[in-house]
Amino acid sequence: GKDDRTSVTTTASWYQVLGPRLHADMGATFSIQNGFLETAYNAVVVEEPGEGDNECFPSRHGLECAEELPDTRLRGSLFGKARYSLVPGTALELGGRLYQDSWGIFGLTVEPRVRHQLIDSLGLRVGYRFYLQTAADDFKSHFTSLPAKRTQDSDLAKFNAHGINAGLLWQPFETLSFDVTAGYTFRDDGIDQLMLSAGVRKSFDARPLGRFIWDSSSGLRE
């Protein structure tokens, strides 16, 4: 079968200079999703002894059934980041995030990071990320019956993770930069992750075509 999914997200943020060496930004995000929110490939095994090994889960006896989750999900998060300049070209950064959704998941993220300018056009950043979350209300490791809502998706389970990452930002010109990042995450459920990313950013001259000046004696003029 098929169904639609609609997602709407809004974010408010605030940037503040707190001193000659310290600045910070903070904000909040809220989103609402409606429609088909489960995955088309995750299964749930209802364990029934005597049914034989399940082909997708050899260690579990039972029947494989489709995942079913609520068709609405509300998500909210508060986030912030502060950066302090130690010496010219080197800064310490600390970020964090609190997350809560209507499926019962609460998440906490803490991210310390060091940034260092190697040369004028090349910067290095090295960071660590700690993340933990609670399980969704409809998640269970084992099912002996078939509830209306159910999931065994590991990303909706309770787990914590430790990640390390490093990146290089090369800016050969004022309007052009290249970013390369690599990271590895260790999860306590054994589902470790390797991440590689690369990006290019190009800025364009946005000078106004003209300006308007109000003169009370003659009216508007360019």
Side-chain angles (χ1 to χ4, degrees), residues 7 9-31 33 73-101 103 105-136 153-204 206:
S7 299
T9 301
T10 181
T11 299
S13 60
W14 179 269
Y15 172 80
Q16 183 68 48
V17 175
L18 301 174
R21 293 187 173 189
L22 180 65
H23 66 167
D25 60 82
M26 62 200 74
T29 296
F30 176 78
S31 68
Q33 293 179 293
R73 189 179 190 183
L74 305 179
R75 296 178 169 185
S77 66
L78 300 173
F79 58 87
K81 180 172 59 178
R83 187 181 300 174
Y84 179 77
S85 175
L86 290 175
V87 294
T90 303
L92 294 179
E93 183 178 287
L94 180 62
R97 178 175 177 262
L98 295 174
Y99 169 87
Q100 180 73 59
D101 68 21
W103 286 4
I105 295 178
F106 170 80
L108 169 66
T109 305
V110 179
E111 292 185 271
R113 182 176 291 173
V114 178
R115 294 177 178 267
H116 179 68
Q117 200 68 25
L118 299 172
I119 57 177
D120 288 344
S121 61
L122 184 64
L124 169 70
R125 62 184 182 275
V126 179
Y128 164 78
R129 180 177 186 266
F130 172 73
Y131 175 74
L132 65 82
Q133 75 170 39
T134 61
D153 184 352
S154 58
D155 286 336
L156 300 180
K158 177 183 178 181
F159 71 90
N160 64 67
H162 303 267
I164 53 175
N165 58 79
L168 289 172
L169 178 64
W170 179 45
Q171 190 169 7
F173 306 103
E174 184 178 351
T175 59
L176 180 65
S177 63
F178 301 88
D179 193 304
V180 179
T181 303
Y184 196 87
T185 298
F186 303 87
R187 286 178 39 159
D188 66 347
D189 58 5
I191 307 178
D192 297 346
Q193 300 169 357
L194 172 66
M195 185 273 292
L196 301 171
S197 68
V200 179
R201 181 172 181 172
K202 177 71 173 71
S203 301
F204 298 92

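Just so you know, these numbers use all the heavy atoms, side chains as well, and skip hydrogens, waters and symmetry mates.
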Return the [atom1] to [atom2] distance between [X] and [Y], rounded to the nearest 0.5 Å.
X	Y	atom1	atom2	result
R129	R97	CZ	CZ	8.0 Å
T134	N160	OG1	CG	12.5 Å
L176	K202	CG	NZ	6.5 Å
L118	L169	CG	CG	10.5 Å
F159	I191	CZ	CD1	8.0 Å
Y84	R21	OH	CZ	4.5 Å

Search all heavy atoms of [X] against all heavy atoms of [Y] and return the closest pair with its distance.
X	Y	result
A28	L78	CB-CD2, 3.6 Å
T90	H116	OG1-ND1, 2.7 Å
L22	A82	CD1-CB, 4.4 Å
D101	R73	OD2-NH2, 2.7 Å

**Q.** Sequence-distant partners of D153, salt bridge (charged side-chain N to carboxylate O under 4.0 Å, His left out), two or more places apart
**A.** none

With side chains defined as the heavy atoms from C-beta onward, is the minimum distance between [X] and [Y] less than 4.5 Å?
X	Y	result
I164	V126	no
L108	L98	yes
L92	V114	yes
R187	D155	yes

(Q) Would you say OH of Y15 has more than 12 non-hydrogen atoms from neighbouring residues, nucleotides or ligands within 6.0 angstrom? (A) yes

Q.
Once you measure the plane-to-plane angle for F178 and W170, does it fall in the parallel (<30°), tilted (30-60°) or perpendicular (>60°) bin?
A. parallel

Q | side chain to side chain contact (heavy atoms under 4.5 Å, CB included) between T109 and Y99, worked out | A | CA-CA 8 Å; T109 305; Y99 169 87; over 6 Å; no

(Q) Among residues at least two apart in sequence or on other chains, which ones pass side chain to side chain contact (heavy atoms under 4.5 Å, CB included) with A157? (A) F139

Q. Among R115, E111, R125, which residue meets the side chain to side chain contact (heavy atoms under 4.5 Å, CB included) test with E93?
A.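 Considering R115, E111, R125, a side chain to side chain contact (heavy atoms under 4.5 Å, CB included) with E93 is found only for R115.
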
Q. Okay, side chain of N165, backbone of A182: is any donor-acceptor separation there less than 3.5 Å?
A. no

Q) For the rings on Y128 and F130, is their centre-to-centre separation under 6.0 Å? A)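 Centroid distance Y128-F130: not below 6.0 Å, so no.
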
Q: Applying side-chain hydrogen bond (donor to acceptor under 3.5 Å, both in side chains), run through R75 and T9 and close with a yes or a no.
A: CA-CA 9 Å; R75 296 178 169 185; T9 301; over 6 Å; no

Q.
If only side-chain N and O atoms count, and only distance matters, is there a donor-acceptor pair under 3.5 Å linking T181 with D179?
A. yes

